[in-house]
Amino acid sequence: MSPVEFGRGVLTDERDALARLADGLGEPFAAAVATLRAAPRVVCTGVGKSGHIARKMAGTLASTGTPSSFMHAAEAVHGDLGMIAPGDAVILYTHSGETDEIVRLFPSIRDIGGTTLLITGRPESSAGRAADLVLDTG
């Protein structure tokens, strides 16, 4: 396979994945948008590759005027949960929905008064069952 054929195949696969994602948008997406718009601040969290995505999202939100910050999920239990205030929206990123550092955060975020929005490939996971809102990227 030539590099051009390979590149076209990748782009075709990505186009098809975006179309499936667009077809799946519905009430959960609308609820997530309303939650984020109403929140005084957004905290994004994750670990590993999901943590990199969360950090980029926090930066993107901040650059578009939404008060936001990144909280590493593993550091949260060591004092960083203080970054979250009542009314904040917390976006948690985990593909599997079983990442221990993420799953452990839900009770504390709820106790603080934050709203949890999970972005995952497995909405039926432990994190999916614990979240207030779930966006399925599967």
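Note: hydrogens, waters and symmetry copies are ignored here, and every other heavy atom, side chains too, is used.
In this structure Glu98 satisfies the salt bridge (charged side-chain N to carboxylate O under 4.0 Å, His left out) test with no other residue, sequence neighbours excluded. Applying the side chain to side chain donor-acceptor pair (under 3.5 Å) rule to Asp132 yields the partners Arg110, Thr116; only residues at least two apart in sequence or on another chain are considered.
Of all heavy-atom pairs between Ala32 and Leu133, the closest is CA-CD1, 4.0 Å. In plain terms, the two heavy atoms of Gly51 and Phe70 that are nearest each other are O-CE1, 3.4 Å. The two residues Cys44 and Tyr93 come nearest to each other via the heavy atoms CB-CE1, 4.3 Å. Residues Phe6 and Met1 share a closest heavy-atom pair of CA-SD, 3.5 Å. The shortest non-hydrogen separation linking Pro86 to Pro40 is O-CG, 4.5 Å. Looking at every heavy atom in both residues, Ser125 comes nearest to Gly97 through OG-CA, 3.2 Å.
More than 12 heavy atoms of other residues, nucleotides or ligands sit less than 6.0 Å from atom CZ of Arg122. Heavy atoms from other residues, nucleotides or ligands lying under 6.0 Å from CZ of Arg41 number more than 12.
Ser50 OG to Met57 CE: the interatomic distance, rounded to the nearest 0.5 Å, is 12.5 Å. Rounding to the nearest 0.5 angstrom, the gap separating the OG1 atom in Thr94 from the CG atom in Asp100 is 10.5 Å. Here CZ of Arg8 is found 12.5 Å from CZ of Arg15. Values are rounded to the nearest 0.5 Å. Atoms CG and CG, on Leu135 and Leu117 in that order, are 5.0 Å from each other to the nearest 0.5 Å. From Ile53, atom CD1 reaches atom OG1 of Thr45 across 12.5 Å, with rounding to the nearest 0.5 Å.
For the pair Thr66 and Leu36, the minimum side-chain heavy-atom distance is 4.5 Å or more. Put simply, the side chain of Leu92 reaches to within 4.5 Å of the side chain of Ile109, judged on heavy atoms. The closest side-chain heavy-atom distance from Leu105 to Met71 is below 4.5 Å.
A side-chain contact (heavy atoms from CB on, under 4.5 Å) with Thr120 is found for exactly one of Ile102, Val134, Thr137, namely Val134.
There is no path of hydrophobic side-chain contacts, each under 4.5 Å, that joins Met83 to Val42. No chain of hydrophobic side-chain contacts below 4.5 Å, direct or via other Ile, Leu, Val, Met, Phe, Trp or Tyr residues, connects Val103 to Ile119. Each of Leu118 and Leu25 belongs to its own hydrophobic cluster when Ile, Leu, Val, Met, Phe, Trp and Tyr are linked at side-chain heavy-atom distances under 4.5 angstrom.
Taking Ile, Leu, Val, Met, Phe, Trp and Tyr as hydrophobic and joining them when side-chain heavy atoms fall under 4.5 Å apart, one finds Leu18 isolated, its cluster having no other members.
No donor-acceptor pair under 3.5 Å is formed between the side chain of Ser108 and the backbone N or O of Arg104.
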